[in-house]
2 protein chains.
Amino acid sequence: LTSPGNPGRLPDERTLIRHLRARLPAQPASLHIGPGDDAAVIVPERGAFQVLTTDVLVEGIHFDRRWSSLADIGHKALAVNLSDLAAMGAAPSHALLSLVLPGDTSLEELDALLDGFLELASAQKVSLAGGNLSRSPGPLMVDVTAVGYVRPRRILTRAGGRPGHGLYVTGTIGGAAAGLGLLRAGRGSPAADGADTPIHRHRRPEPRTRVGMLLGRNRAASACIDLSDGLADAVQQLAEASGTGAVVDVSALPIDAGARSWFEAQGLDPVQAALAGGDDFELLFAVPRKRGGRLRAVQRQARGVTLTRIGELTDPAEGIRLSRDGTELPLTGGFSHF
Amino acid sequence: LTSPGNPGRLPDERTLIRHLRARLPAQPASLHIGPGDDAAVIVPERGAFQVLTTDVLVEGIHFDRRWSSLADIGHKALAVNLSDLAAMGAAPSHALLSLVLPGDTSLEELDALLDGFLELASAQKVSLAGGNLSRSPGPLMVDVTAVGYVRPRRILTRAGGRPGHGLYVTGTIGGAAAGLGLLRAGRGSPAADGADTPIHRHRRPEPRTRVGMLLGRNRAASACIDLSDGLADAVQQLAEASGTGAVVDVSALPIDAGARSWFEAQGLDPVQAALAGGDDFELLFAVPRKRGGRLRAVQRQARGVTLTRIGELTDPAEGIRLSRDGTELPLTGGFSHF
């Protein structure tokens with residue numbers, strides 16, 4: 001970690017870096033040089049390709065400190081990056097953490113952010129390899145780069161889908177969007193915040209690392225993408241990259257039960273709201289017909305994450321369509337910018 | 001590239017990503033999957049360790065748009081990261097670019113930023129592998145992650161120096177700090193901005209990639225660090241990491257001539273100003289006595305970058321000292337927080 005521009009209320013940068021290093025678990029052998037030098041040195045995994053992604057959370061754009069604790073933000077900043085690795089079928093290994101901190105940040109706040117980050121890192125076997133600390137004249141920003149590995153034949157991209165391949169989604173959708181709605185409506189008491197509630201989904205998304213790796217490992221999936229910008233967006237991106245159309249059966253959508261109640265209470269169409277809602281960080285993937293057995297094998301090892309068929313890829317001339325039990329529906333708001 | 005939260009005046013995110021991809025040169029074989037999927041996939045260099053660093057430029061903290069063009073900012077955001085790789089002796093290969101853009105950013109401004117980034121990337125043989133676009137509620141931020149490679153025996157760290165090793169610095173110091181001073185004083189006409197002027201040094205620092213690689217390759221240096229936070233800071237960090245003291249002969253400092261004139265005109269002590277001034281992005285390194293021949297070999301291949309002996313590492317009990325032609329001097333401001 002290097003620290004150009006030391007935030008006001010924090011100790012001087014070298015003290016801070018010592019403090020951060022002291023919080024890290026023992027370095028794995030793959031981390032040849034960790035935080036504290038000009039850069040990190042890692043030993044790439046032999047025979048594997050490396051997967052790299054970077055994603056930033058910006059205060060006022062991606063999170064609101066009224067509704068997420070600093071530990072939530074630390075967790076989510078890593079989670080959104082691990083979700084991108086999962087969508088490629090990669091096993092995560094290292095991360096770099098770049099913090100841009102308002103001048104009034106305290107050491108306790110920094111520690112809380114690290115708590116959330118390091119807890120998820122530990123659960124996902126990710127080592128913090130380096131990063132930097134910088135001062136912000138305004139919003140808090142947390143930029144993470146995540147590094148993972150995948151065997152060349154196991155790489156999942158958005159581009160491998162073909163007409164006739166089934167479309168599947170992991171877990172449930174709509175939860176994170178409903179959670180944000182609940183929080184904005186002042187319905188976010190900590191007591192109501194169990195592990196499966198919409199509010200928890202908004203605050204602490206779980207990257208689908210295991211399912212992504214399983215789908216790539218046994219080659220069940222022909223294409224995969226994560227749902228950072230919502231299911232409607234993901235369907236369009238996957239279909240576009242694969243050169244196909246797609247039809248989604250809205251009656252099959254695994255809409256989160258708590259989210260459905262909330263959307264209905266707000267007078268919203270749960271299908272439209274769930275299609276358009278972002279931040280679920282589930283995976284959308286395509287499966288060729290003859291790989292059904294492999295898909296069932298993935299489902300058996302998915303540790304409770306449900307895989308739901310929601311439609312299929314079609315001829316590109318058919319575009320993106322919605323149906324309900326076989327009847328064509330007009331496109332909803334979530335698909336409008338296609 | 002992925003783009004959660006599309007900036008206001010820019011085209012929609014997919015159009016933008018197509019635009020960015022169209023600007024990139026042909027992908028090298030090492031970039032298996034470039035911008036456009038959930039993450040980048042690269043083929044690590046066989047037999048080498050990988051060096052990773054991330055550094056951010058924040059508007060109002062690290063740059064001011066009155067004094068740097070967007071192309072300057074794009075250049076500098078990559079340069080400061082390549083400087084960290086150079087300090088480890090690594091050859092740069094790939095970069096990720098994370099842009100946090102104010103809502104009123106135009107496509108022309110984005111293109112100008114990319115001009116500066118891609119020009120340096122091309123000169124340094126760096127491929128843009130991925131990144132993301134995000135909206136900012138306030139300042140412009142440019143966060144870069146740079147990836148490079150180094151053979152295990154050629155890695156330069158801060159920690160290998162021993163008492164008696166000579167201390168050397170590349171190029172000249174004080175230029176970037178003087179350039180910032182000149183710009184703040186309204187002395188920054190474009191006409192006065194030749195390639196070697198202080199203002200140019202502030203706007204477009206050149207990472208010392210070649211010298212860093214040469215120093216690692218023939219093992220001339222026992223320790224190395226870049227000068228992002230100034231020479232005084234670098235000497236302390238290198239000595240601390242190496243477990244030594246250090247003595248710097250201020251009469252030997254290669255202070256930039258234009259910077260010296262500016263500091264003197266301002267009534268500043270040029271030595272103190274040059275020691276404390278950051279952003280020069282030169283390298284400070286230690287050389288064991290018996291490696292003088294190797295150092296001369298590096299100097300011959302350094303393409304005009306001068307290597308200057310400025311002191312030596314000492315017993316740790318001696319701390320950090322300044323001398324002038326052998327006479328002890330009191331510590332200056334640049335060393336005060338040691």
Side-chain angles (χ1 to χ4, degrees), chain A residues 2 4-5 12 14 32-33 36-45 49-56 58-62 84-85 87-88 90 94 96 98 100 129-132 134-139 141 143 145 147-148 150 152 155 157-159 224-226 228-229 237 240-241 278 337, chain B residues 2 4-5 12 14 32-33 36-45 49-56 58-62 84-85 87-88 90 94 96 98 100 129-132 134-139 141 143 145 147-148 150 152 155 157-159 224-226 228-229 237 240-241 278 337:
Chain A
T2 57
D12 76 78
R14 262 180 285 175
H32 186 69
I33 297 176
D37 216 299
D38 286 72
V41 180
I42 68 177
V43 187
E45 202 176 296
F49 285 2
Q50 188 180 55
V51 186
L52 287 164
T53 189
T54 185
D55 225 335
V56 62
V58 181
E59 183 173 8
I61 303 288
H62 303 98
D84 282 326
L85 297 187
M88 307 294 290
H94 301 90
L96 304 174
S98 179
V100 184
N132 75 279
S134 206
R135 197 151 54 87
S136 171
M141 263 164 305
D143 202 349
T145 295
V147 178
V150 62
I155 299 171
T157 72
R158 301 175 179 183
C224 189
I225 185 174
D226 83 334
S228 43
D229 295 327
Q237 300 248 26
E240 185 178 315
H337 68 292
Chain B
T2 57
D12 76 77
R14 261 180 287 173
H32 186 69
I33 297 176
D37 216 299
D38 286 72
V41 180
I42 68 177
V43 187
E45 201 177 297
F49 285 3
Q50 189 180 56
V51 186
L52 287 164
T53 187
T54 186
D55 224 335
V56 62
V58 181
E59 184 173 7
I61 303 289
H62 303 97
D84 282 326
L85 297 187
M88 307 295 288
H94 301 90
L96 303 174
S98 181
V100 184
N132 76 279
S134 206
R135 197 150 55 86
S136 171
M141 262 161 307
D143 202 348
T145 295
V147 177
V150 63
I155 299 171
T157 71
R158 301 175 178 182
C224 189
I225 185 173
D226 82 334
S228 43
D229 295 327
Q237 301 247 28
E240 186 178 313
H337 67 291

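Values reported hereafter were calculated over all heavy atoms of this structure, with side chains retained and with hydrogens, waters and symmetry mates removed.
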Where does [X] contact chain B at under 4.5 Å (heavy atoms): side chain, backbone, both or neither?
| X | answer |
| --- | --- |
| A/V41 | both |
| A/S228 | neither |
| A/E59 | backbone |

Would you indicate whether the side-chain heavy atoms of [Y] and [X] approach each other to under 4.5 Å?
| X | Y | value |
| --- | --- | --- |
| A/S134 | B/H62 | yes |
| B/M141 | A/D143 | no |
| B/V43 | A/Q50 | no |
| B/T145 | A/L52 | no |

Item to check | Top of A/V51, A/V150, A/I33 for chain B proximity - count of heavy-atom pairs under 4.5 angstrom | outcome: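 Most pairs with chain B among the choices: A/V51.
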Item to check | Side-chain donor or acceptor of A/D38 paired with backbone N/O of B/L85 under 3.5 Å | outcome: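 It does not hold such a pair.
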Next on the checklist: Out of B/S136, B/P44, B/G138, return the one with the most heavy atom pairs under 4.5 angstrom to chain A.
Outcome noted: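 Ranked by contacts with chain A, first place is B/P44.
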Next on the checklist: Quick check for you: among B/P139, B/C224, B/G60, which has the greatest number of heavy-atom pairs under 4.5 Å with chain A?
Outcome noted: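 Among B/P139, B/C224, B/G60, the one with the most close pairs to chain A is B/P139.
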Next on the checklist: Ignoring hydrogens, what is the shortest heavy-atom contact between B/N132 and A/V56? Give both atom names and the distance.
Outcome noted: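 Shortest heavy-atom contact: ND2-CG1, 3.7 Å.
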Item to check | Taking every non-hydrogen atom, the tightest pair across B/I61 and A/P137 | outcome: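 Scanning both residues, the minimum pair turns out to be CG1-CD, 3.7 Å.
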Item to check | Between CD on residue A/E240 and CZ on residue B/R14, distance to nearest 0.5 Å | outcome: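 One gets 5.0 Å once the value is rounded to the nearest 0.5 Å.
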Next on the checklist: To the nearest 0.5 Å, what is the distance between CG on A/D37 and CZ on B/R158?
Outcome noted: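 CZ of B/R158 is found 5.0 Å from CG of A/D37.
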Checklist entry - Given that the side chain runs from C-beta out, which part of B/A241 has a heavy atom under 4.5 Å from chain A: side chain, backbone, both or neither? => result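 Contact with chain A: none, neither part.
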